[in-house]
J.: 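This is the structure I want to talk about, given as structure tokens.
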Amino acid sequence: MTKYILAVNAGSSSVKVTFYTYENPPRAIADAQVSGITAPPPALKYKRGPVKIQEKLKEKLDTPQDAFKYILQRCFNDSELSEVASETDLAYICHRVVHGGDYKEAVTINDESLHHLEELEDLAPLHNFSALEIIRLCKEELPSVASITFFDSAFHQTMPVHVKTYPINQEIAKANGLRKYGFHGISYSFILRSVAQFLGKPVESTNVIAMHIGSGASICAIKDGKSIDTSMGLTPLAGLPGATRSGSIDPSLVFHYTSEAGKLSPGSTKEMHISTAEEILNKKSGWKALTGTTDFAEIAVSDAPDTHKLAFDIMVDRILGYIGSYYVKLNGQVDALVFAGGIGEKSALLRQTLVEQCQSLGVAIDSGANDKGPGDETVKDISLDGKGPRVLICQTNEQFEMAYSVCTR
Ligand SMILES: Nc1ncnc2c1ncn2[C@@H]1O[C@H](COP(=O)(O)OP(=O)(O)O)[C@@H](O)[C@H]1O
Ligand SMILES: CC(=O)OP(=O)(O)O
Ligand SMILES: [Mg+2]
């Protein structure tokens with residue numbers, strides 16, 4: 001009997017799942033996403049073959065587990081998707097877990113690994129909570145299917161010690177796991193393989209500066225196929241601003257923000273032990289705080305109001321800072337600057353502005369190709385011929401990367 005893989009990408013406000021055939025390479029047979037869990041009504045996007053459905057849901061889906069259960073039932077009950085009708089049709093469930101601590105590779109869930117992940121939750125309650133809730137649910141409701149967790153942080157284990165280490169008391173740092181981990185690694189691994197293939201180079205000798213710019217945004221310096229630095233840190237808060245995240249700020253700002261900032265947040269629970277400061281900097285900052293919208297498509301327009309223009313300029317400035325730093329760290333040996341993530345893939349204005357400001361690195365883009373975007377291509381070259389690095393768009397796919405890893409191991 002043909003078996004299928006279910007790949008789950010759970011965020012705080014959305015749950016995305018894709019069903020794949022269990023073959024090399026895996027082929028997507030259906031894709032479903034519930035967003036707006038924290039801002040009801042929830043919305044469903046469902047794609048099966050040529051069929052595309054978008055609807056607002058009447059159901060109350062307040063938590064990622066509710067959203068996941070809803071998606072699963074809907075897919076299992078869809079008579080047009082008879083391939084997956086119950087747990088017996090599934091070979092594996094892949095889960096994206098943002099923070100994997102010291103894990104260097106994916107792990108199969110059993111009591112021991114789940115317990116270890118639950119301990120890690122303290123370090124990253126805001127980011128691991130949704131995924132862990134869904135893993136616990138799968139263990140209970142789909143007990144015959146093996147769950148494998150893939151970690152965003154695993155790709156960055158190759159960063160040198162001096163890059164990973166914060167200059168603080170090392171006993172305390174070691175006891176509490178306080179170091180730079182870096183995230184979006186499942187995406188970077190997809191980007192690296194796709195870009196190396198596109199350039200016709202072995203992964204082991206590919207050097208790129210890759211940007212995953214979405215509602216969470218990061219950038220990564222990849223040397224000889226390995227991450228040597230990335231902008232996120234102990235948690236995904238560090239580095240670039242995001243839709244609701246401040247990105248890097250002077251840490252002292254926390255002590256001056258409000259007198260309440262250091263206290264436990266009212267939203268804190270047994271599972272989500274977070275302070276008001278963490279909540280403000282993760283959920284009430286970023287371009288939402290500057291402009292009122294989390295939608296970068298409203299910000300990245302040429303005739304935007306001043307508030308939006310400021311948010312755009314901040315984003316450009318912070319990204320430029322990292323590109324400059326990583327270009328130097330890579331000793332100028334850069335095969336390509338790669339744009340990925342919802343914004344990196346869709347905003348021609350952001351790409352154009354950034355590349356114009358990186359002229360000193362010898363990069364230039366073909367504005368027609370840039371405006372057209374990647375279309376159906378996984379990797380699209382938008383550079384003008386020149387001596388400098390190529391400029392590429394890569395349509396990254398975290399669910400595919402997890403399924404691919406399972407099918408090729
Ligand atoms: N045409 C566009 N121009 C600029 N930004 C866009 C466009 N379309 C979508 N986006 C932005 O992409 C972001 C979502 O990217 P995505 O990588 O899916 O994020 P995440 O996985 O973190 O939810 C949102 O901020 C959305 O506004
Ligand atoms: C790590 C992270 O920020 O993830 P996302 O972009 O999906 O929020
Ligand atoms: Mg994402």
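Ligands are counted one by one from 1 in listed order, and the atoms in each one are counted from 1 as well. Because the structure is a prediction, the values reported are computed rather than measured.
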J.: For Lys16, take its heavy atoms, then give the atoms of ligand 1 lying under 4.0 Å from any of them.
T.: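 By the 4.0 Å cutoff, the relevant atoms are 18 (O), 21 (O).
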J.: Who's closest to atom 22 (O) of ligand 1 heavy-atom-wise, of Ser215, Ala217, Gly214?
T.: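 That would be Ser215.
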J.: Name the option, out of Gly286, Pro236, Ala297, Ser187, that contains the heavy atom nearest to atom 4 (C) of ligand 1.
T.: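 Among Gly286, Pro236, Ala297, Ser187, the closest heavy atom to atom 4 (C) of ligand 1 belongs to Ala297.
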J.: Applying side-chain hydrogen bond (donor to acceptor under 3.5 Å, both in side chains) to Arg245 and Ser285, what does each step give before you reach the verdict?
T.: CA-CA 5 Å; Arg245 290 176 218 168; Ser285 301; over 6 Å; no
J.: Applying side-chain hydrogen bond (donor to acceptor under 3.5 Å, both in side chains), which residue pairs with at least one partner in residues 206-222 are found, sequence neighbours left out?
T.: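 Residue pairs passing side-chain hydrogen bond (donor to acceptor under 3.5 Å, both in side chains), neighbours aside: His184-Ser218, Ser187-His212, Tyr188-Ser218.
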J.: Taking 4.0 angstrom as the limit and counting only heavy atoms of Gly342, give me the atoms of ligand 1 inside it, by number and element.
T.: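 In order of numbering, the contacting atoms are 12 (O), 15 (O), 16 (P), 17 (O).
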J.: Indicate yes or no: does an N/O atom of Asp295 lie under 3.5 Å from an N/O atom of ligand 1?
T.: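 Yes.
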J.: Protein residues near ligand 2, heavy-atom distance below 4.0 Å?
T.: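 Lining ligand 2 at under 4.0 Å, by heavy atoms, one finds Arg96, Val98, Asp152, Phe183, His184, Gly216, Met232, Pro236, Arg245.
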J.: Could Lys3 and Asp89 be called an ion pair, given the rule that one side-chain N must be under 4.0 Å from one carboxylate O?
T.: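 Looking at Asp89 together with Lys3, the answer is no, because their closest N to O distance does not fall below 4.0 Å.
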J.: Using a strict 4.0 Å cut-off to heavy atoms of Ile343, name the atoms of ligand 1 that fall inside it.
T.: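 So the answer, numbered in order with elements, is 5 (N), 11 (C), 12 (O), 13 (C), 25 (O).
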J.: Cation over ring, Arg179 on Tyr181, under 6.0 Å and within 45°?
T.: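 The answer is yes, since Arg179 meets both limits relative to Tyr181.
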J.: Parallel, tilted or perpendicular: which describes the rings of Phe190 and Phe400, with under 30° parallel and over 60° perpendicular?
T.: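 Correct class here is perpendicular.
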J.: Please confirm whether Gly341 comes within less than 3.5 Å of ligand 1 when only nitrogen or oxygen atoms on both sides are compared.
T.: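 No, there is no polar N/O contact under 3.5 Å.
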